[in-house]
Structures are given as structure tokens and as C-alpha cells.
Amino acid sequence: LTLTVRPVPVRAVRIAGADSMAVDDTTRLVAVALDSVDEPLVGRRVAWTSRTPTVAQVDTAGDVVVLAPGQAAIDAAIEGATATTAIRVT
């Protein structure tokens, strides 16, 4: 008898965190992987990326530091599913 265990696929990603910050502020974003019925999946690795690195930068832990006024866009990717959050920087 062979038992094969397959992880539940990630259908979506939800990002929680600040939507407005001031220059030189820092915050931590949190990304959660969701399955097909929007239940959270634990233990999934998140890849963080800033689409606007001149406005805000994000590290591998989801820590964001804002550098300049504008609109920042931060992506979180988990196993092929991606979400983007916008942060207004004043």
C-alpha cells in the first residue's frame, strides 16, 4: 500500500496591513494563502515584491519601509497565486 499526500492547492492570496503610511514609516504586511473555499492554508512560503521600489520597499518577511510620497503597490505570491495591496504614502 502506497499513500500519496498532495498539498491542497492555493486558490487565492489575501494581504492584511496598512493602506496609508507616511514617509519613513515601517509596517509588516501579512499574506494568507486560501484554498478553494477561502479557508486559510498554513505553512506556505510567501514571496514579496514591490512594484514601486522608489516609493516603498518590502523584504522577505513582509516588512515595508516607505521612502517617498506616492502610491505603493506590494505583491505577495504563494505557489502561483498572487495578490497586490496598495499603500498611499504621504
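Numbers here simply count residues along the sequence, with the first being 1. Note that the structure is predicted; figures quoted are calculated from it, not measured.
- Of all the heavy atoms in V66 and V23, the pair that sits closest is CG2-CA, 3.7 Å.
- Partners of E79 under the salt bridge (Lys or Arg N to Asp or Glu O under 4.0 Å) rule, at least two apart in sequence or in another chain, are R44.
- A donor-acceptor pair is defined here as one N or O able to donate and one able to accept, closer than 3.5 Å; such a pair exists between the side chain of S50 and the backbone of A56.
- Note that CZ of R51 and OG1 of T84 are 3.5 Å apart. Values are rounded to the nearest 0.5 Å.
- A81 and V13 get closest at one heavy-atom pair: O-CG2, 3.4 Å.
- Listed by first and then second residue, the side chain to side chain donor-acceptor pair (under 3.5 Å) pairs involving residues 5-17 are R11-D38 (not counting sequence neighbours).
- V32 and V10 are not part of a single hydrophobic cluster, where members link through side-chain heavy atoms under 4.5 Å apart.
- Linking Ile, Leu, Val, Met, Phe, Trp and Tyr residues whenever their side-chain heavy atoms come within less than 4.5 Å places L41 and V46 in a single cluster.
- For D59, there are no salt bridge (Lys or Arg N to Asp or Glu O under 4.0 Å) partners two or more places apart in sequence or in a different chain.
- Contact record, A76 with I15: CB-CD1, 3.7 Å, taken as the closest heavy-atom pair.
- Hydrophobic clustering keeps L34 apart from I74 (ILVMFWY residues linked when any side-chain heavy atoms are closer than 4.5 Å, directly or through intermediates).
- By the criterion of side-chain heavy atoms lying less than 4.5 angstrom apart, applied directly or through intervening Ile, Leu, Val, Met, Phe, Trp or Tyr residues, V30 is not grouped with I78; the two fall into different hydrophobic clusters.
- Using a distance-only test at 3.5 Å, with no hydrogens or angles considered, a donor-acceptor pair links the side chain of T52 to the main chain of A73.
- Between the CG atom of L29 and the CG atom of D75 there is a distance of 11.0 Å, given to the nearest 0.5 Å.
- Put simply, CG on L67 and CG on D24 are 8.0 Å apart, with the number rounded to the nearest 0.5 Å.
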